[in-house]
Amino acid sequence: MHPVFPEIDFRGELNDEQYAAVTAEPGPALVLAGAGSGKTRTLTYRVAYLLSQGHIPNEILLLTFTNKSAREMLERVEDLTGISRRYLWGGTFHSIAQRILRVNGAKVGLKNNYTILDEGEAESLLKNAIQKVDPTFIKGKNNPKPKVIANMISYARNTCKSVFDEAEEHYPFLEGMAAKIESFHKTYQAIKLEQQVVDYDDLLEYFLKLLREHPDIAQQYQDRFKHILVDEFQDTNRLQSDIVDCLAAKHQVMAVGDDAQCIYTWRGADFDNIMRFNDRHPEAVIHKIETNYRSSPEILEFANSVLGAQPAGLGYSKELRAVNSSGDKPYFVPLMDARGQANFIIQRIEGLLEEGRNLSDIAILYRAHYHAMDLQMELTRRNIDYQITSGVRFFEQAHIKDFTAQLRFASNPADVSAFARFVCLLPKVGPKTAERLHALTKKLAEKQEKNFCDVLCSEDVLKKVPNDAKEEWPSLAETIREVSAALTEDSPQAIVQLALDGWYSSYIREIYPNWTDRADDLQSLISFASRYDTMQELLAQLVLLASESNERSPEEQQNCLRLTTIHQAKGLEFPVVFVIGLADGLFPLKRTIDDGNMEEERRLFYVAVTRAMEELYLAYPMLNNQGNNVMRLNPSRFIQEVHTSNYETLRAAPTRSW
């Protein structure tokens, strides 16, 4: 029996653009929903509309990127229609894939009681596969670690590239490495099949295989799902878009997204999916939703101007239109340097609080974590409560603490916990082994009347180091010895530079998939060190800053300043936004300028400015202090592309003379 349907006033609840998309005729459609234009509202009302037209719930499939967004949308549909969300097919690509594989997995070699591995379990299974193929590989000093290999394999699978080609691109200098990584992958796949376990990528790959190799099953789901809705279509990767194309072979798909907010290609998102939608679904109707309910007209004019600088044909033309009343133009604020930037922001925040704003109304956005280092220090010093959305506070990050431990130990070789912190990074070295090695070195140093750090490099100590760690030990010990020797002669900045040139910088390359970001963080410690006259002062600051807790009670979070990378801020909005570090080389990052990957950086800037509702401040540090080298910076090219009539330049008083 069909439920009695509550009356929904679609015409009254939606604007013209939303209404056109919600009530569109069946058939392929691309809904380009600009920032702040009510994308989620459009999707939920589309589902409600289809149900009101007599479609039964399980004929509709809603694909999202997070379980949270699926849950919120389906709850809203339930509120609108009274139809329980249990009857609707909605969820992430992975959750829908696993639902269908539970029933049909046998056709691709999966029993219906297969289990799903979490990330840690998948990684240790890959490690087993590596050891099976080559027992010495993990111990090889220059070989990538299992986590790095896992990431690379996952990227290849999600972008539908061969693992061999991806590895060849990563390690062109290492003879035979690509073939080796390919064989690790094959063995890993075989082990999983034998144990009837799958990782997250398997869910999508097996699902696509099922649809491609079993036309009868594909037909069953193509017939069942009369309407397929895909959220955040600009973030789909090749594997996901192939799944959508298989399920929507009859062109019954509505893709919703915004090409101007495609900022995850480094994670595998394929910009072409949204740009070439019409090639794959030739009859597709394009709906543009450009009325923005978030920002003031002045902020939108600025945002439109950012998009206007895109080279022709690289995106759909869109013009966000404001509903909100007029406000201030965005402020472009040239400042002396990162510290001047921090001081300006805090002064302005104090002003905003006096004007009646809450701390939670304000967000500070940055391109890379280390850009906010000075600001975090100053906020801590002034006791202003802040919360970091993108991971932990700068000085609490594992790689900063690992590195600091080496400096701490070199200046105080009696500090066993600092010693254990970095020595335990080596394979097969645990806290007990670290203590034993420390005690042995101390004993030898006293006996031979030598410096502890010199003895660390000796054959006697190396003999007692576990075999798996022997290869890296000399490099680690030598770095500590050099740093220790430099303590009496050199400045804190020179010592940090020396330590950065040593063992740890090659260690992070092998251990962290995002090692380039971490290397940038570590590099920024050089200019940080230049502020201190002695190592004691520097170390005291590093330890105090790292002990700051990021834990907040829900009440505290309610009134907390928000610091976040732009990637993490996507989808959020704030009355007041500061975008910091707007200088060429910082944003866009030097790395992306060198790679020529400007378009994604510009889209990222667009995402940053469209987070602001009422006030937008664009801070440009004119100087970059790398220790004694002071470098003049140019304003970000993204600011230079915007006509000066679209912003106001604010001259902040310098905090110190030039």
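The model shown is predicted, which means the values in this text are computed figures rather than measured ones.
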Please evaluate residues T291 and E17 with respect to the criterion side-chain contact (heavy atoms from CB on, under 4.5 Å), reporting the C-alpha separation (whole Å), side-chain torsions for both, the decisive distance (0.1 Å), and the verdict.
CA-CA 8 Å; T291 307; E17 300 162 332; 2.8 Å; yes
Main chain of M177, side chain of E168: is a donor-acceptor contact present, judged purely on distance under 3.5 Å?
no
With a 6.0 Å cut-off (strictly less than), is the heavy-atom count around NZ of K318, excluding the residue itself, greater than 12?
yes
Quick one about Q189 and K186 (side-chain donor to acceptor, distance below 3.5 Å, no hydrogens or angles considered), yes or no?
no
Could you check Y316 against L307 for side-chain contact (heavy atoms from CB on, under 4.5 Å), going step by step and ending with a plain yes or no?
CA-CA 10 Å; Y316 293 98; L307 273 198; over 6 Å; no
Show your working on salt bridge (charged side-chain N to carboxylate O under 4.0 Å, His left out) between D242 and R212 and close with a plain yes or no.
CA-CA 10 Å; D242 283 356; R212 282 187 168 158; 3.3 Å; yes
Side-chain heavy atoms of E472 within contact of W503, under 4.5 Å:
yes
Aromatic ring proximity, centroids under 6.0 angstrom, F587 and Y366:
no
Give the ring-plane orientation class for F225 versus Y221, where under 30° counts as parallel, over 60° as perpendicular and anything between as tilted.
parallel
Test item: N104 side-chain N/O and I100 main-chain N/O as donor-acceptor pair under 3.5 Å:
yes
Check L239 against L208 and note the closest heavy-atom contact, atom names and distance.
CD1-CD2, 3.7 Å
In this structure, is the centre-to-centre distance between the rings of W266 and H567 below 6.0 Å?
yes
When you measure from the centre of the six-membered ring of Y264, is the NZ or CZ of R267 closer than 6.0 Å and no more than 45° off the axis?
yes
Would you say the side-chain atoms of S69 pair up with the backbone N or O of T64, donor to acceptor, closer than 3.5 Å?
no
Taking the six-membered ring for Trp, are H94 and Y200 parallel (under 30°), tilted (30 to 60°) or perpendicular (over 60°)?
perpendicular
Are side-chain N/O atoms of Q219 and D223 paired as donor and acceptor at under 3.5 Å?
yes
Heavy-atom nearest pair, S295 first then A612, reads OG-O, 2.6 Å
Is a donor on one side and an acceptor on the other found under 3.5 Å between the side chain of D594 and the backbone of R591?
no
Identify whether the distance between the nearest side-chain nitrogen and carboxylate oxygen of E573 and R294 falls below 4.0 Å.
yes
Go through the steps for E290 and S37 under the test side-chain hydrogen bond (donor to acceptor under 3.5 Å, both in side chains), then give the verdict.
CA-CA 6 Å; E290 298 168 303; S37 66; over 6 Å; no
Going by an N to O cut-off under 4.0 Å, is there a salt bridge joining D258 and K39?
no
Side-chain touch C262/R603, heavy atoms, less than 4.5 angstrom:
yes
Hey, could you give me the CD/OH distance between Q310 and Y606, rounded to the nearest 0.5 Å?
9.0 Å
Taking the side chain as every heavy atom from C-beta outward, state whether R85 and V77 have any atom pair closer than 4.5 Å.
no
Is Y293 close to M613 at the side-chain level, that is, under 4.5 Å between some pair of heavy atoms?
no
Distance alone, cut at 3.5 Å: any donor-acceptor contact between the side chains of Q222 and Q220?
no
Any carboxylate oxygen within less than 4.0 angstrom of a Lys/Arg side-chain nitrogen, looking at K68 and E72?
yes
Any heavy-atom pair between the side chains of L204 and N158 that's under 4.5 Å?
yes
If we ignore angles and hydrogens, is there a donor and acceptor under 3.5 Å between the side chains of N597 and T592?
no
Main chain of F137, side chain of N143: is a donor-acceptor contact present, judged purely on distance under 3.5 Å?
yes
Under 3.5 Å donor-acceptor, K288 side chain and S317 backbone
yes
Under the 3.5 angstrom rule, does the side chain of E123 hit a backbone N or O of A150 as a donor-acceptor pair?
no
Which atom pair, heavy atoms only, marks the closest approach of V607 to T610?
O-OG1, 3.1 Å
Ion pair R224/E59, N-O distance below 4.0 Å:
no
Are the charged groups of E205 and R157 less than 4.0 angstrom apart, N to O?
yes
Heavy atoms of Q234 and G257 approach each other most closely as OE1-CA, 3.2 Å
Do any N or O atoms from the side chain of E601 and from the backbone of L589 form a donor-acceptor pair under 3.5 angstrom?
yes
Give the intermediate values and the outcome of side-chain contact (heavy atoms from CB on, under 4.5 Å) for residues L74 and L62.
CA-CA 9 Å; L74 296 179; L62 172 63; 4.0 Å; yes
Just so I know, are the side chains of V230 and V256 near enough to count as touching, which here means a heavy-atom distance under 4.5 Å?
no
Locate the shortest heavy-atom distance separating P26 from H227; write the atom from each residue and the value.
CB-CE1, 4.0 Å
Is R238 paired with D272 through a side-chain N to carboxylate O contact shorter than 4.0 Å?
no
Side-chain donor-acceptor pair present, D521, S524, cut-off under 3.5 Å:
no
Drop me the distance from F277's CZ to D279's CG, to the nearest 0.5 angstrom.
11.0 Å
Got a second to check how far N151's CG is from K145's NZ, nearest 0.5 Å?
14.5 Å
Using a 4.5 Å cut-off on heavy atoms from C-beta on, say whether the side chain of I286 contacts that of N278.
yes
Take atom NZ in K590; do more than 12 heavy atoms of anything else shown fall under 6.0 Å from it?
no
Pairing donors with acceptors under 3.5 angstrom, does anything connect the side chains of D520 and H369?
no
Check the pair E641, R602 against salt bridge (charged side-chain N to carboxylate O under 4.0 Å, His left out), reporting the backbone distance first and the verdict last.
CA-CA 10 Å; E641 289 168 349; R602 186 184 283 106; 2.7 Å; yes
Hey, could you give me the OG1/CD distance between T187 and E194, rounded to the nearest 0.5 Å?
11.5 Å
Sidechain-backbone polar pair: R102 side chain, Y114 backbone, donor-acceptor under 3.5 Å:
yes
Check against side-chain contact (heavy atoms from CB on, under 4.5 Å), K226 and I60
CA-CA 6 Å; K226 307 275 193 294; I60 301 166; over 6 Å; no
Taking the six-membered ring of Y504 as reference, does the NZ or CZ atom of R509 fall below 6.0 Å from its centre and within a 45° cone about the axis?
no
Within this structure, what is the CZ-CZ distance for the pair R276 and F271, rounded to the nearest 0.5 Å?
10.5 Å
Can a cation-pi geometry be assigned to R518 and F403, taking NZ or CZ under 6.0 Å from the six-membered ring centre and within 45° of the ring axis?
no
Do K180 and F184 meet the cation-pi criteria used here (NZ or CZ under 6.0 Å from the six-membered ring centre, within 45° of the axis)?
no
Quick one: are F65 and T92 in side-chain contact, heavy atoms under 4.5 Å?
no
Do the side-chain N and O atoms of D270 and N237 include a donor-acceptor pair separated by under 3.5 angstrom?
no
Between Y370 and D517, do the side chains contain a donor N or O and an acceptor N or O under 3.5 Å apart?
no
Would you say the side-chain atoms of T265 pair up with the backbone N or O of G268, donor to acceptor, closer than 3.5 Å?
no
